[in-house]
Structures are given as C-alpha cells and as structure tokens.
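In what follows, every chain begins at residue 1, and chains take the letters A, B, ... in the order their sequences are listed.
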Number of protein chains: 2
Amino acid sequence: MDRLNLLSFAPFRLNRLATEFSNALAADYARFGIDIPEWRVLATLGQHEGPRSAAYVVRCTRTHKSRISRAVSHLIELGLLERQESGDDRREIMLQLTTQGRATYAELVPILLEREAKLLSGLSEAQRRDFDRLLEVLEESLGLARRGEE
Amino acid sequence: MDRLNLLSFAPFRLNRLATEFSNALAADYARFGIDIPEWRVLATLGQHEGPRSAAYVVRCTRTHKSRISRAVSHLIELGLLERQESGDDRREIMLQLTTQGRATYAELVPILLEREAKLLSGLSEAQRRDFDRLLEVLEESLGLARRGEE
DNA sequence: CGCATAAAGTTGCAACTGCAACAAGCAGAG
DNA sequence: CTCTGCTTGTTGCAGTTGCAACTTTATGCG
C-alpha cells in the first residue's frame, strides 16, 4: 500500500513555510495596526503616484474583492487612504494613499525588505537565484504568472 | 524612497503558491468530506499500524491542538477514526483509524501523490531536487526541521 | 429607447481559526 | 499526603475569510 510522509509532502511543506513567513511579517505590520490584506493594498498603491481602482488592487494582489473592500475600509479609518469618485465610470472607486499613508508605506518597506532578507538568509546567493527561478516556474504553471498589472 | 514590488516579494509569492496548492488538494479531499486538518490527522495515523496520541499528531503536523481536536471529532463522526483510552496516562487519548479510515487513506494517498506530481510537473528533475533542498534549508532556518516524530 | 447582461464594490452569513480559559489527570517537592 | 505546577485535550469566544446575493452603474443588442 502507498504511504505518504506528510513532512516530505510538498503542499504541506509549502503551506507551513508560507504560514511561518506570514507570521513573521505580521509582527511587523502589527506595529502599524494593519494586517496582511491591508498591507497588500498599501503595497500596491505605494508603488504608484496616482490613484488606482479597487479592481486594480484586486488584480495585482490576486486577493478576493471582499477582502480588499474590507481592508480599504479599515485603512480609511486609520487615515492612511481615501476614496474618490472616478470621473468616467461611477461604479469605480479610486483609491489613493494619504500623506500619512505614504509615510507609513515609506516606513514599512525597509522593515519588510529586511525581514524578507532575514527569512532568506539561510540561502546562498546561488540558491536565492534558484529559489526565484523555481517560484517563477511554479507560478507560471499554476497560472499565477507575474505578467500584467505590472 | 524604497519601493517594494509585491509580485517579487518572497513572502507574498510563497503565500500565494501555498494557497494555490492547498486549493488544488482541497478538491481531492472534498470528495471524502474532509478538509485540510482532517487530512493531516488521517495522513499521520495512516503512516503507522498502531494507535497514536493526539499530542503526537499535533507534533507531527505542527498544527494547533484545538484544530486537531476538532478534526478528530469530525473524523470520528465520519466513522474513519476511533478514540481509545490510554492505559498508563488517562489524560492521553489514543487515536486509531477504523477499517474504513484505512480504506479512505489507501484511496486518498495515490490521488494526492498524483496531484503533487502534477503541481510540480513544470519542474525538471534537477529543479525538483533544488526545490527539495531549498525547502529543507528554509525549514531548517525557521526551526521547522523535519527531524523528530518521524 | 428598453431590455438583458456584465462589471465594481459592499455586505450578510456561515464556516474556520487561534487564543485563552478550562477540566481532568499526572508528577515531584516537602 | 498534599500542594503546586505541568500536560492533555476540549470548548467558548472573537476575529477572519470566502462565497453568494445585492446595489449601482455601464454596455450591447434589437
């Protein structure tokens, strides 16, 4: 009979690793009172100068629109974000970071990049390239390709 | 100012990949009416002949004990598992698959192994070895080492 | 125009999760 | 023996999540 060792089973391992990564980051966000989906919204809008629609954020982050909607509401409560009506399509709601939102983004980014570096610090330079390449291949074959929405 | 591209950010990518993997597997479990934590219990007990305690399952799966507790209850309802008292420590509850539980395990394992193979099918043989090695290194540096509880 | 269809966001709901508190049982010190 | 503290497993609770239904607005077809 086939057996299966959970600790060698790729989906399980990946899941556990991702959870560990997420928890490590959560500690960083927590200082600013935000969680993962909220960080994703912040990160997406922080990359650009101008406003973007919620649908754009949904596409970029590959996160469910209800989660984005709630994250946006909370960021607004925190004063990091504001909604503004779109001129040409009144269904669309354009999102833009406030000054405080930009400040938070600027403060958070170096912290998170450092956290990422620490999480990957066990890997050699070559391994880091392998890692990147592997993620790319797997994303590609799962239809999560990094194309589009830049 | 530092910027951060979410799509290049390892924690985000890992998270998305793991979610995708999990969802793919969930479709397989669903046929048997079980979910991820339940599968983990099944997988852990299926590897052995004899009974094991819930704490053992917790350690093997690195899953919170409340989750395991609820998973166990459900598996019992489904008739896949039974509890039996431990002789020497009456706090411990030993868990053992029923005949039906073993049958489900035997049926599920090949399906899941095939699913895993499909998810990794984009990788060459060499890349698969790299992948395994990278997971090992990252697990190691996060204290998720594969040692113990075999 | 008028109708059907589709997209953008929001929200209610039910399911799931983790934490902390808990009951029951064990183990060691004095 | 008994008191304290630890471990095992369960459960209440509050927070989070995804899905589906819904509102509002746009679009396409006849």
- [ ] Find the distance B/Arg52:CZ to D/dT8:P and express it as a whole number of Å.
- [x] 16 Å
Task: Out of C/dG12, C/dT17, D/dT10, whichever nucleotide has its closest atom nearest the side chain of B/Lys65 - done: D/dT10
TODO: Go through C/dG9, C/dG12, C/dC19 for me and flag the one nearest to the A/Ala54 side chain.
DONE: C/dG9
- [ ] Tell me which nucleotide among D/dT8, D/dC19, C/dT10 gets nearest to the side chain of A/His64.
- [x] D/dC19
TODO: Choose from C/dT10, D/dT10, D/dT17 the nucleotide whose nearest atom is closest to any side-chain atom of A/Asp35.
DONE: D/dT17
TODO: Would you kindly give the CZ-to-C1' distance between A/Arg90 and C/dA7, to the nearest whole Å?
DONE: 15 Å
Task: Distance under 6.0 Å and angle within 45° of ring axis: B/Arg59 vs B/Tyr56 - done: no
TODO: Round to a whole Å and report the spacing from CD of B/Glu38 to C1' of C/dT17.
DONE: 13 Å
Task: From C/dA8, D/dA20, D/dT10, nucleotide with atom closest to A/Glu92 side chain - done: C/dA8
Task: Whole-Å distance separating the CD1 atom of B/Ile76 from the C1' atom of D/dT10 - done: 12 Å
- [ ] Return the value, rounded to whole Å, for the distance between atom CZ of A/Arg59 and atom P of C/dA7.
- [x] 12 Å
Open item on the list: For A/Phe131, does the six-membered ring have the charged nitrogen or CZ of A/Arg128 within the cation-pi criterion, i.e. under 6.0 angstrom from the centroid and within 45° of the normal?
Closed with: no
TODO: Would you check if A/Arg83 and A/Val72 make a side-chain contact, meaning some heavy-atom pair closer than 4.5 Å?
DONE: yes
Task: Residues A/Arg3, B/Glu49: salt bridge by 4.0 Å N-O rule - done: yes
Open item on the list: Could you check whether A/Arg13 pairs with B/Asp132 (Lys NZ or Arg NE/NH1/NH2 to Asp/Glu carboxylate O, under 4.0 Å)?
Closed with: yes
Task: Atom pair distance, as rounded to whole Å: CD in B/Glu85 and P in D/dG9 - done: 12 Å
Open item on the list: For a quick test of reading the model: is some side-chain N or O of B/Arg67 closer than 4.0 Å to OP1 or OP2 of D/dT11?
Closed with: no
Open item on the list: Could you tell me how far apart B/Asp88 (CG) and D/dT8 (C1') are, to the nearest whole angstrom?
Closed with: 13 Å
Task: Closest listed nucleotide, where the reference is the side chain of B/Arg70 and the choices are C/dT17, D/dA26, D/dC6 - done: C/dT17
Open item on the list: Measuring from the side chain of A/Arg91 (C-beta onward, heavy atoms only), which nucleotide among C/dC19, C/dA7, D/dG9 has the closest atom?
Closed with: C/dA7
Open item on the list: Which nucleotide wins on minimum distance to the side chain of B/Asp89, given the candidates D/dT11, D/dT17, C/dC26?
Closed with: C/dC26
- [ ] Give one of base, sugar-phosphate or nothing for A/Ser53, where a contact means two heavy atoms less than 4.0 Å apart.
- [x] sugar-phosphate
Task: Whole-Å gap separating P (C/dG18) and CG (A/Asn23) - done: 9 Å
